[in-house]
Amino acid sequence: MIPRIHPLPAFKDNYIWTLISSDGVSAGVVDPGDARPVIEFLTENRLRLSDILITHHHMDHTGGLGELIEKYQPRVFGPGGIKGIDHILEEGDHVEVFEVGFRVIEVPGHTLDHIAFVHDGGSHDTPILFCGDTLFAAGCGRLFEGTPPQMLGSLRKLTALPPATAVHCAHEYTLANLAFATAAEPRNVKLRSRIKIEQGKRNIGRPTLPSNIELELATNPFLRCDLPELAASAMRRLGRPAKDEIEVFAAIRKWKDNF
Ligand code: ZN
Ligand code: FE
């Protein structure tokens, strides 16, 4: 049985993804940057916090750890080097939350310690991805610690997942990302229809997430750097043709930093 997954808004635009066990007793959270919305949600729904999953060390993903650990004593999974994590994970490790198995993949780029959690799904359940700040709807994380080839390699690991994989990103950046995507790839007609759909969700206060891999491959410029229109955009930024897809990606990412 797949647990229910619920986004808890935090700060300005973070989501703390919450998994709820099918018996409605326990919860797990991904990247609790703030303890307060988590405690409120747990209290309101009479849930016990059993598990925490962490994708990377940034405070907006880990800031609630101390308080939540003290209050609930959950199991805490994540990359090494973060205070409070008692199950350190690496590529290929497995975590089970409410009988749902997740495998760990390393996705350096935004930070060097960044990991993602993948539930591969089966004949009757959809694959699930928690990707923190690596892949966003129509965007990708800023390169704070890693290099363009590292990030492109990480994004390729994610796009190799089945097209239906539900992509749970840690921020609501979708509309701003789509505005940039349109500048980077003005002739992509799928962007226009996606903007309408996502704007509609925001207008009624709903998250645009989860996305899925198929939609991202069709509308996310950072996953489309092998295409001529993105290469042409990169050339305009560089003032010369890019040598390869990595240089296209690097130029587009740098442009987005100042967009
Ligand atoms: Zn981050
Ligand atoms: Fe973040």
Side-chain angles (χ1 to χ4, degrees), residues 5-19 28-38 41 52-68 76-85 88-91 102 104-118 128-155 157-158 166-181 198 202 207-211 216 220 222-223 249-250 252-254 256-259:
I5 302 179
H6 182 78
L8 297 179
F11 308 117
K12 199 169 125 264
D13 51 31
N14 282 70
Y15 289 126
I16 300 170
W17 291 100
T18 304
L19 296 104
V29 290
V30 184
D31 286 353
D34 189 1
R36 195 186 40 84
V38 177
F41 181 80
I52 297 178
L53 308 180
I54 300 288
T55 63
H56 67 294
H57 68 81
H58 284 161
M59 274 306 279
D60 64 312
H61 300 250
T62 57
L65 272 181
E67 203 176 334
L68 293 173
V76 188
F77 299 90
I82 300 169
K83 194 167 169 273
I85 290 179
I88 292 172
L89 301 175
E90 298 176 357
E91 177 91 21
F102 290 91
V104 173
I105 51 180
E106 293 178 351
V107 285
H110 175 67
T111 62
L112 292 176
D113 68 346
H114 209 304
I115 57 172
F117 298 88
V118 179
I128 301 168
L129 168 67
F130 293 109
C131 51
D133 289 353
T134 297
L135 176 62
F136 291 124
C140 76
R142 239 174 232 263
L143 303 186
F144 283 116
E145 296 175 9
T147 61
Q150 264 176 333
M151 187 59 147
L152 198 55
S154 295
L155 292 172
K157 282 184 178 177
L158 301 182
V167 177
H168 297 76
C169 329
H171 289 269
E172 179 63 66
Y173 289 158
T174 311
L175 291 179
N177 284 343
L178 284 167
F180 174 75
E198 309 297 13
R202 297 309 291 148
T208 59
L209 304 171
S211 179
E216 291 313 313
N220 189 322
F222 298 100
L223 309 180
F249 175 80
I252 300 288
R253 183 55 260 184
K254 206 169 161 198
K256 173 70 171 67
D257 288 347
N258 306 300
F259 187 73

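Atoms within each ligand, like the ligands themselves, are counted from 1 in listed order. Computed from a prediction, not measured in an experiment: that's the story for all the values here.
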With no hydrogens and no angle check, do the side chains of His110 and His58 hold a donor and an acceptor under 3.5 Å apart?
yes
Phe136 and His171 aromatic centres sub-6.0 Å:
yes
Any side-chain heavy-atom pair from Leu65 and Ile52 closer than 4.5 angstrom?
yes
Output yes if His171 passes the N/O/S-under-2.8 Å test against the Fe ion (ligand 2); output no otherwise.
yes
Would you say His114 has an N, O or S atom lying under 2.8 Å from the Zn ion (ligand 1)?
no
Tell me which N, O or S atom from Asp60 is the closest to the Fe ion (ligand 2).
OD2
Closest N/O/S atom of Asp133 to the Zn ion (ligand 1), by atom name?
OD2
Kindly give the atom name of the N, O or S atom of His58 closest to the Zn ion (ligand 1).
ND1
For a distance under 2.8 Å, tell me if Asp60 has an N/O/S atom near the Zn ion (ligand 1).
no
Please determine if the Zn ion (ligand 1) has an N/O/S atom from His110 lying under 2.8 Å away.
yes
Backbone or side-chain N/O/S of His58 under 2.8 Å of the Fe ion (ligand 2):
no
Phe41 ring center near His6 ring center (under 6.0 Å):
yes
Does any donor atom in the side chain of Glu198 or Thr174 lie under 3.5 Å from an acceptor atom in the other side chain?
no
Closest Asp133 atom to the Fe ion (ligand 2) [N, O or S only]:
OD2
Looking at side-chain heavy atoms only, is the closest gap between Leu129 and His168 below 4.5 Å?
no
Between the side chains of His61 and Asp133, is a donor N or O closer than 3.5 angstrom to an acceptor N or O?
yes
